Amino acid sequence: MSTLVNELPDISGIGGHWTVAPARDCVTGGRIQVGRAVFAGRQWPREPKDCVCVRGDWYLDGNLLLCSDCGTDGT
Ligand SMILES: [Zn+2]
């Protein structure tokens, strides 16, 4: 999982942009910041800090995997 927004792919072509959201590091349990995709008119059902990120959807012709629940980058 990428934690630096400036390393994330450009999603403006599919109508999105990135924000930074607080999350929990799966390994250390510490607080981290993760890139979170925002699409107009779409709400993610979970916040990244409350999500276990077990399922995702592919975007950008299979180059970007976003969590289906919180919208963070799982590529
Ligand atoms: Zn998630």
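Keep in mind that this is a model prediction, so the values were computed, not measured. For ligands, and for the atoms within them, numbers begin at 1 and follow the listed sequence.
Taken from NE2 in His17 to CD1 in Ile11, the straight-line distance is 8.0 Å, to the nearest 0.5 Å. Here CD of Glu47 is found 11.0 Å from OG1 of Thr72. Values are rounded to the nearest 0.5 Å.
Of all protein N, O or S atoms, those under 2.8 Å from the Zn ion (ligand 1) number 4.
Under a hydrophobic-cluster definition in which Ile, Leu, Val, Met, Phe, Trp and Tyr are linked whenever side-chain heavy atoms come within less than 4.5 Å, directly or via other members, Leu8 and Leu65 are assigned to different clusters. In the hydrophobic clustering of this structure, Val38 does not group with Val20; members are Ile, Leu, Val, Met, Phe, Trp, Tyr whose side-chain heavy atoms approach within less than 4.5 Å, directly or through other members.
Remark: the backbone N or O of Cys70 is paired with a side-chain donor or acceptor of Arg36 at under 3.5 angstrom.
For residues 42-63, the pairs satisfying ring-ring contact (aromatic ring centres under 6.0 Å, His included) are Phe39-Tyr59, with sequence neighbours left out.
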